[in-house]
Amino acid sequence: MGNFRLTDLNPPQLEAVKAVSGPVMILAGAGTGKTRVITARIAWLLHIGTPPEQILAVTFTNKAAGEMRERIAGMVEREQAAKLTIGTFHALCVRILRTGIDRLGYKHNFTIYDEGDQLSLLRKIITRTASKDEKLDPHAAKNLISQAKNKAWNPPEDDQTLLGAVYARYNQELRQLNAVDFDDLLVLARKLLAEHEEVRRKLQDRYRQIMVDEFQDTNRLQMDLVALLAGDPPNVCVVGDDDQSIYGWRGAEVANLLEFERHFPNPTIVKLEQNYRSTNTILNAANALILNNPRRRAKKLWSDHGDGPKIRTIRMADDREEASFIAGEIRQRQVDDALPWEAFAILFRMNAQSRLFEEQLRAHGIPYRLIGGKSFFDRREIKDVIAYANTALNPSDDVSVLRIVNTPPRGIGEGTVESALHESVERKCPLWDILRSEAYLEGVSRARSNAVRAFVDQIETLRIRLATPGADSAELLGGLLSECNYFDDLKRSCKTPEEGLDRESNIRQLLSDLREFEGKKKGGLTAFLDALALRNEREEEKKDDQGNGVTLITLHAAKGLEFPHVYLVGLEEGILPHDRSKMEGSLDEERRLLYVGITRAMKSLAITWCNGRTRYGSLMPAHRSSFLAELPADLVETVDASVILSAPASQEDAAARFGRLRAALGG
DNA sequence: AATCGTCTGCTTTTT
DNA sequence: GCAGACGATT
């Protein structure tokens, strides 16, 4: 059975694939065929008779989960592949919680709050809690709360500090709203498993083989979850690379990988060091750099791709020159070497650095795709539609109710909302219950109560219809939106007619996605909203929409990707390593960030730094990053952009170009 | 209620 | 230098 051959694997890979009992740690260096090993291991498990429903593979991103699923689909039979559990930590937790969360005092129809929802809730709480002279940035509060949850801290519920009070209020309110934030998905799943033995047993019996990808990025909560899910013996296989741990600031703990033995004694440890991506020049530079980090599992990458050209470190006058030089060079190389635009990538530390490159690439007529940026799901109109659905499914969700209560305007003004909200705080019950209570409606003017009644009726009708077996949610939602003139209001509030049409078509797209989802997956609207909240619908489509061209991407986002020709820009003190890292003592992580960047390159790598850089509006002197001195001199060729620019076509260049031309013609 | 103007404060962001 | 947030102004 199976369409995979173990002979395609190198010896350590094979060892990793065949180690199937007890704890296993696979230290997979950059480009060493990690995904291949994971998928082959799953195929192997199936091959030796493991029932597919017993296999759980956890990833960090939906993209990684999708890729894994796809690769496996090509290796094993379809029905087997369909029975595997492959997904993100968060998706797994939603599955666990949708059936078991009632044990923790939530209702099963909880709403998942995304960042925007969290922020609006926090803003509300902060303004209510803070006194006049106190200030707390909602973003900062959100980050601190998130960190606290991810480190599995006990809530610092001392109402002494504003933050402590806000933290306590926030959690309390979420519970009242029957809502959970992203972090709660993990927090609550862990709690459920830890405190309810029957739930834990059931899951341990079900998942006998657990695999975790990118283990260096797991935080304390995720580590705990893995430990709770693992049965006895713990058949846990983790895959990761401590040298690529770059999310410490988000609570990731490399210690989970470095001290794996502490949680799972006597593991089989396999190191993957043969790299299938880069030249040895690139790998040796990366090896040498990372040697400067303490506390790591020693690894040395090598490949049989030869040495390739030296790494160029290019000095630029300023950031403007950096951008125009690179744009010019890419255009030239694209022509001279007949390379597709997609062969090039520009990697930077901060998103703000992308602007000049965008300008210059555009000026040179080079197509590019900028990775990152605002998501489809953060669009106002999409959030509105989701809020309508959330309200119908979970009327306790005040944040969603507030979002749509007067969108479109239906005569429920701020005063009305304010008084209802006040009432709901007094009576400690959801806003919705106030809006539909006769006692409240009798106390307000006729016009107000009529408006509120009409709104309540609309939503209640939607709820009843949605609950009807076989209901077409997309049709019902779309119908409601038309009925309340949502689309007209949307268009009216747009600056241009095009924008209005665009926004409307986003909604049509969402509804058609929903219809398709209901046609082929179970779980109905709730499952669709879960998928949306976890960002795992329409993922690929979005990426493709961005089209092709030179890739502009941050170092963080570039992890896991590869490009034939890489420009690593802004290698200056203060940028990489970033200024803040010195204060926070995370210089090692900055070095790993550079390590990740270097190991993205397959064939050639150029590193640039500027003598001056516009920062905060004015041109400031800049200095080359101290990391550059850590690259072995014999692998690096140091150049000065001004020299190249002032001597455009030297004799040597012409000869080299002629040579290439002759080679291309087969002579 | 909406828009304009001024102030502030600056990474990275898988879900 | 610019985006985002908030407050004053119509």
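Chain identifiers are assigned alphabetically (A, B, ...) following the order of the sequence lines, protein sequences preceding nucleic acid strands; residue numbering begins at 1 within each chain.
- At a threshold of 4.0 angstrom between heavy atoms, the contacts of E590(A) include nucleobase atoms, whether or not backbone atoms are also involved.
- Rounded to a whole Å, the CD1 atom of I553(A) is 11 Å from the P atom of dT14(B).
- When side chains are defined from C-beta on, F60(A) counts as touching Q222(A), because their heavy atoms get closer than 4.5 Å.
- L356(A) has its side chain within reach of E359(A): a pair of non-hydrogen atoms, C-beta onward, lies under 4.5 Å apart.
- For H578(A), whose side chain is taken as the heavy atoms from C-beta onward, the closest listed nucleotide among dT15(B), dC2(C), dT11(B) is dT11(B).
- Taking every heavy atom of both residues into account, V566(A) and G597(A) meet most closely at CG1-O, 4.4 Å.
- Side-chain contact annotation: S146(A) with D183(A), donor-acceptor N/O pair under 3.5 Å present.
- Listed pair S581(A) / dT11(B) fails the phosphate criterion, with no side-chain N or O lying under 4.0 Å from OP1 or OP2.
- Distance CG (L186(A)) to C1' (dT14(B)): 12 Å, rounded to an integer number of Å.
- Of the residues in residues 241-254 of chain A, those placing a heavy atom less than 4.0 Å from an atom of DNA chain B are Y247(A), W249(A), R250(A), in numerical order.
- For the pair H90(A) and dT15(B), the ring geometry does not qualify as stacking, because the centroid separation below 5.5 Å and plane angle under 30° are not jointly satisfied.
- Between L594(A) and the choices L576(A), T599(A), L628(A), the side chain to side chain contact (heavy atoms under 4.5 Å, CB included) rule is met once, by L576(A).
- Annotated as syn: dT11(B), whose O4'-C1'-N torsion sits within 90° of 0.
- Using a 4.0 Å heavy-atom criterion, one finds that D579(A) contacts no nucleic acid atom at all.
- Using a 4.5 Å heavy-atom threshold, the side chains of I412(A) and R448(A) count as separate.
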Handout entry: Evaluation steps, salt bridge (Lys or Arg N to Asp or Glu O under 4.0 Å), between E572(A) and R615(A)
Key = CA-CA 12 Å; E572(A) 292 143 42; R615(A) 287 252 254 176; over 6 Å; no
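- Taking atom CD of residue E214(A) and atom P of nucleotide dT15(B), one finds them 12 Å apart after rounding to whole Å.
- Spacing between atom CG of L370(A) and atom P of dT13(B) amounts to 11 Å, rounded to whole angstrom units.
- Taking the charged nitrogens against the carboxylate oxygens, K142(A) and E115(A) do have a contact shorter than 4.0 Å, which makes a salt bridge.
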Practice task
Kindly indicate, with the supporting measurements, whether the criterion side chain to side chain donor-acceptor pair (under 3.5 Å) is fulfilled by Q216(A) and D241(A).
Solution key: CA-CA 6 Å; Q216(A) 76 284 346; D241(A) 180 2; over 6 Å; no
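- Using a cutoff of 4.0 Å between basic side-chain nitrogens and carboxylate oxygens, R592(A) and D243(A) are not scored as salt-bridged.
- Following rounding to the nearest Å, D213(A) (CG) and dT14(B) (P) show an atom-to-atom distance of 16 Å.
- Looking at the side chain of T61(A), the nearest of the listed nucleotides dT13(B), dT11(B), dT14(B) is dT14(B).
- The distance from atom CG of D489(A) to atom C1' of dA1(B) is 13 Å, rounded to the nearest whole Å.
- The residue Q118(A) sits apart from the nucleic acid: no heavy atom pair falls under 4.0 Å.
- Rounded to whole Å, the separation between the P atoms of dT12(B) and dA5(C) comes to 16 Å.
- Taking 4.0 angstrom as the limit, N351(A) places a side-chain polar atom (N or O) nearer than this to OP1 or OP2 of dT13(B).
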Problem - Nucleic acid footprint by protein, nucleotides 3-10 of chain B - heavy-atom cut-off 4.0 Å, B for base, S for sugar-phosphate alone - result: -------B
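- In the set dT13(B), dT12(B), dT15(B), the nucleotide with an atom closest to the side chain of R349(A) is dT12(B).
- Between N62(A) and the phosphate of dT15(B), there is a side-chain N or O to OP1/OP2 separation shorter than 4.0 Å.
- R592(A) comes within 4.0 angstrom of no nucleic acid atom, judged by non-hydrogen atoms across all strands.
- A cation-pi arrangement, defined by a distance under 6.0 Å to the six-membered ring centre and an angle within 45 degrees of its axis, is absent between R362(A) and F357(A).
- Rounding to whole angstrom units, CD of residue E115(A) and C1' of dT14(B) are separated by 12 Å.
- Taking atom CG of D114(A) as the reference point, atom C1' of dT14(B) lies 15 Å away to the nearest angstrom.
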